[in-house]
Colleague: 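Handing you this structure, nothing more for now.
Throughout, residue positions are numbered sequentially from 1 according to the sequence presented. For the numbers below, each heavy atom of this structure counts, side chains included, while hydrogens, waters and symmetry mates do not. Computed from a predicted model, the values in this text were never measured in an experiment.
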Amino acid sequence: MSAADLAPGDDYRGSGLRFPVGFVLGSATASYQIEGAAQEDGRGPSIWDTFSHTPGRVWNGDTGDVADDHYHRLDEDLDLMADLGLHAYRFSIAWPRIQPTGRGPANRAGLDFYSRLVDGLLVRGIRPIATLYHWDLPQALEDGDGWTSRATSEAFADYAALVGGALGDRVATWTTLNEPWCSAYLGYGSGAHAPGRTEPASALAAVHHLNLAHGLGLQALRSVVTAQAEYSVTLNLHVFRGFGDGAEEAVRQVDGLANRVFLQPMLEGSYPADVLADTASVTDWSFVRDGDARAICQPLDVLGVNYYSTTGVRLWDGVSPREMNDGHKDAGGSPWPGADRVEFLRLPGPYTAMGWNIEPAGLEELLVSISRRYPSLPLMVTENGAAFDDEVVEDLTRPTGVAVHDDDRIDYLRRHLTACHRAVERGVDLRGYLVWSLLDNFEWGYGYSKRFGVVRVDYDTLERLPKDSALWFAELARTSRLPAADPVRTA
């Protein structure tokens, strides 16, 4: 199914749709984007500290030094989650807060912070979903070649054992990695993300060592976790739209790099032969050793799926200027090693503030396709949301006297949750939906210029203000029924 297959007037604006009993409705964040306290309580530097402090890497010279100051405002933010009625909260653990250099004994202050977070969630009836790696690699490991090195995969397993041993009696779901596609290709290929390298062969080495870290990390977790827990990984699986002569070939190439190079080793125990062939001029994949495939392919209880938009591709004619509208910041390199004949097209709008097209049909299509390929694997949407140019306006009907009437975000969420509901009706074992993000935050290379949160953060005062989308989502979480519009403004 694609957008062209939709019936006229099918805009995915459902209302009154009820989600199944047990369907989890929550939110997600990432450590470097919200925590701040970058040099406190023994935390070491991460690649994102180094990257953001390097002139020209991040818009406006923004850094995560303070971010949302979540580290010091933990109880306030936990109360906010409870007020919104979240069923679950997906957070990430900062590796350099646990091991300042990526190796050695655990930093007790770092473990204590996450222990307080988990306990605070549990006492409020919120399910903890812990992600071990959301991109903040300890800088000391990057100095030793980072994700291009097998040693980093092995260090990750040791880190996983430390965290699992400390929190494994309480965390409901363990996620090894968030979006390894971004870590590998944007970090080591395009240079748009930390560590900012533009080395095609290194990007593919990073793919493998992230896959290996996932497998080794799951083994380490299972050896120390004592509670009944679920184990997962979160992938930002791409939905491609092919155009022109050779559309199928263009989609095949980028689907291999974006999706199958992670799914197949993790779930089937091998790398796609066509990806190895496509990238043979970039690397010989000699970093893959005997036994790696077996280590990577570990049983999963749930697969996390992050989705924001679709991507248009076609084969490049080699003559006209090559279009590279893949939705990512241009930093000089390419996140598509071996796909030099593919160009990326700007798809029809509407668009979010990131310039990403809005196509909820793509989410339904993605969930259904994964479910058909891996029918016994439960799924969860672990990120979905939108950045818009929010405005604080006077509203004397609110206790604060001000409000953010983010109707465009509510519409985005409503349409994508409708897509989730349709996927469930088509037989997909979808366990939940986590909105990205709870708070406005440091949006990586874009600094603080893009706001994804359902809660506004004033970066001068750090005051939190729930937007209309937060109130809308709270109504959804309370009833498990999809509201038609903002319940506050239509009450």
Colleague: Is any side-chain N of the basic residue among D440 and K450 closer than 4.0 Å to the acidic one's carboxylate O?
Modeller: no
Colleague: Measure the spacing between CD1 of I296 and CG of L216 and express it to the nearest 0.5 Å.
Modeller: 8.0 Å
Colleague: Is a donor on one side and an acceptor on the other found under 3.5 Å between the side chain of S202 and the backbone of T198?
Modeller: no
Colleague: Using every non-hydrogen atom in the two residues, find where V171 and A130 come nearest and quote the distance to one decimal.
Modeller: CG1-CB, 3.9 Å
Colleague: Quick one: does any side-chain atom of D136 pair with a main-chain N or O of S46 as donor and acceptor, under 3.5 Å?
Modeller: no
Colleague: So L177 and L132, side chain to side chain contact (heavy atoms under 4.5 Å, CB included) or not? Walk me through it.
Modeller: CA-CA 6 Å; L177 309 174; L132 286 175; over 6 Å; no
Colleague: Does any N or O in the side chain of E179 come within less than 3.5 Å of the main-chain N or O of N236, such that one atom is a donor and the other an acceptor?
Modeller: no
Colleague: How long is the gap from OG1 on T173 to CD1 on I129, to the nearest 0.5 Å?
Modeller: 5.0 Å
Colleague: Can a donor-acceptor pair be found, under 3.5 Å and without considering hydrogens, that links the side chain of T131 to the backbone of S92?
Modeller: no
Colleague: Do the non-hydrogen side-chain atoms of E443 and W59 ever get within less than 4.5 Å of each other?
Modeller: no
Colleague: Give, for atom CG of L276 and atom CG of D284, the distance between the pair rounded to the nearest 0.5 Å.
Modeller: 10.5 Å
Colleague: Check whether more than 12 heavy atoms from other residues, nucleotides or ligands sit under 6.0 Å from atom CZ of R13, and answer yes or no.
Modeller: yes
Colleague: Work out which heavy atom in S183 is nearest to a heavy atom in Y188; give both atom names and the distance.
Modeller: O-CD1, 3.4 Å
Colleague: Could you check, using the six-membered ring where one of them is a Trp, whether W285 and Y271 have ring centers closer than 6.0 angstrom?
Modeller: yes
Colleague: Can you name the closest pair of heavy atoms from L363 and H416 and give their distance?
Modeller: CD2-O, 3.6 Å
Colleague: Could you list the donor-acceptor pairs under 3.5 angstrom formed by side chains in residues 150-158, with sequence neighbours left out?
Modeller:
from	atom 1	to	atom 2	distance (Å)
R150	NH1	D292	OD1	3.1
R150	NH2	F287	O	3.1
R150	NH2	D292	OD2	2.6
T152	OG1	G146	O	2.6
S153	OG	H209	O	2.7

Colleague: Among residues at least two apart in sequence or on other chains, which ones pass ring-ring contact (aromatic ring centres under 6.0 Å, His included) with Y114?
Modeller: none
Colleague: Dump the intermediate steps for side chain to side chain contact (heavy atoms under 4.5 Å, CB included) on H193 and K329, then the final yes or no.
Modeller: CA-CA 9 Å; H193 279 195; K329 189 177 178 183; over 6 Å; no
Colleague: Just by distance, with hydrogens left out, do Y308 and E383 show a side-chain donor and acceptor under 3.5 Å apart?
Modeller: yes
Colleague: Going by heavy atoms in the side chains, are T418 and P360 under 4.5 Å from each other?
Modeller: no
Colleague: Hey, can you tell me if Y412 and F388 have their rings parallel, tilted or perpendicular (30° and 60° cut-offs)?
Modeller: perpendicular
Colleague: Passes side-chain hydrogen bond (donor to acceptor under 3.5 Å, both in side chains), S232 versus T175? Steps please.
Modeller: CA-CA 5 Å; S232 70; T175 300; 2.6 Å; yes
Colleague: Is the Lys NZ or Arg CZ of R414 less than 6.0 Å from the centre of Y12's six-membered ring, within 45° of the axis?
Modeller: no
Colleague: Any heavy-atom pair between the side chains of F19 and L417 that's under 4.5 Å?
Modeller: yes
Colleague: Within 45° of the axis and under 6.0 Å from the centre of the six-membered ring of F23, does NZ or CZ of R431 qualify?
Modeller: no
Colleague: Quick one: are L235 and N306 in side-chain contact, heavy atoms under 4.5 Å?
Modeller: no
Colleague: Has H421 got a side-chain atom pairing as donor or acceptor with R18's backbone, closer than 3.5 angstrom?
Modeller: yes
Colleague: Scan the side chains in residues 336-349 for donor-acceptor partners under 3.5 Å anywhere in the protein, sequence neighbours excluded, and list what turns up.
Modeller:
from	atom 1	to	atom 2	distance (Å)
W336	NE1	D326	OD2	2.9
E343	OE1	E323	N	2.9
E343	OE2	R314	NE	2.6
E343	OE2	R314	NH2	3.3

Colleague: If we only count heavy atoms from C-beta on, is the E359 to Y307 side-chain gap below 4.5 Å?
Modeller: yes
Colleague: Flag yes if more than 12 heavy atoms outside E248 fall under 6.0 Å of its CD atom; otherwise flag no.
Modeller: no
Colleague: First locate atom CG of D62, then atom OG of S52, and finally report the distance between them rounded to the nearest 0.5 Å.
Modeller: 9.0 Å
Colleague: The test is side chain to side chain contact (heavy atoms under 4.5 Å, CB included); show your working for N384 and W436 and say whether it passes.
Modeller: CA-CA 5 Å; N384 176 246; W436 184 269; over 6 Å; no
Colleague: Can you name the closest pair of heavy atoms from C420 and L430 and give their distance?
Modeller: CB-CD2, 3.7 Å
Colleague: What are the two closest non-hydrogen atoms of S437 and T29, and how far apart are they?
Modeller: OG-CG2, 3.8 Å
Colleague: Applying side chain to side chain contact (heavy atoms under 4.5 Å, CB included), run through H214 and L300 and close with a yes or a no.
Modeller: CA-CA 11 Å; H214 158 75; L300 289 178; 3.8 Å; yes
Colleague: For the rings on W147 and Y133, is their centre-to-centre separation under 6.0 Å?
Modeller: yes
Colleague: Under 4.0 Å between a Lys/Arg side-chain N and an Asp/Glu carboxylate O for R43 and D49?
Modeller: yes
Colleague: Any ion pair linking E249 and R252 (charged N to carboxylate O, less than 4.0 Å)?
Modeller: yes
Colleague: With under 30° as parallel and over 60° as perpendicular, where do the rings of W181 and Y185 fit, or are they tilted in between?
Modeller: tilted
Colleague: Does a side-chain N-to-carboxylate-O contact under 4.0 Å join R241 and E365?
Modeller: yes
Colleague: Would you check if the side chain of W356 reaches a backbone N or O of G327 as a donor-acceptor pair within less than 3.5 Å?
Modeller: yes
Colleague: Using side-chain heavy atoms (C-beta onward) and a distance below 4.5 Å, is Y374 in contact with L303?
Modeller: no
Colleague: We want to know whether S190 and S334 form a side-chain donor-acceptor pair, criterion being a heavy-atom distance below 3.5 angstrom.
Modeller: no
Colleague: To the nearest 0.5 Å, how far apart are CG in N441 and CD in E35?
Modeller: 11.5 Å
Colleague: Is a donor from one side chain sitting under 3.5 angstrom from an acceptor on the other, for T382 and Y433?
Modeller: no
Colleague: Can any side-chain N or O of D301 pair as donor or acceptor with the backbone N or O of Y231 at less than 3.5 Å?
Modeller: yes
Colleague: Do D408 and D406 come close enough that some side-chain heavy atom pair is under 4.5 Å?
Modeller: yes
Colleague: Say whether, by atom type as modelled, one donor and one acceptor occur between the side chain of D317 and the main chain of V319 under 3.5 angstrom.
Modeller: yes
Colleague: Is it the case that the ring center of W444 lies less than 6.0 angstrom away from the ring center of H328?
Modeller: no
Colleague: Which is it for R260 and D274 under the salt bridge (Lys or Arg N to Asp or Glu O under 4.0 Å) test, yes or no, and what are the steps along the way?
Modeller: CA-CA 10 Å; R260 291 182 287 114; D274 63 319; 2.8 Å; yes
Colleague: Measuring from atom CE of M380 to atom CG of L367, what distance do you get when rounded to the nearest 0.5 angstrom?
Modeller: 12.0 Å
Colleague: Is a side-chain donor or acceptor of N259 paired with a backbone partner of L237 at a separation under 3.5 angstrom?
Modeller: no
Colleague: Do side-chain atoms of N357 reach the backbone of S309 as a donor and acceptor pair under 3.5 angstrom?
Modeller: no
Colleague: Under a 4.5 Å cut-off applied to non-hydrogen side-chain atoms, are H87 and R127 in contact?
Modeller: no
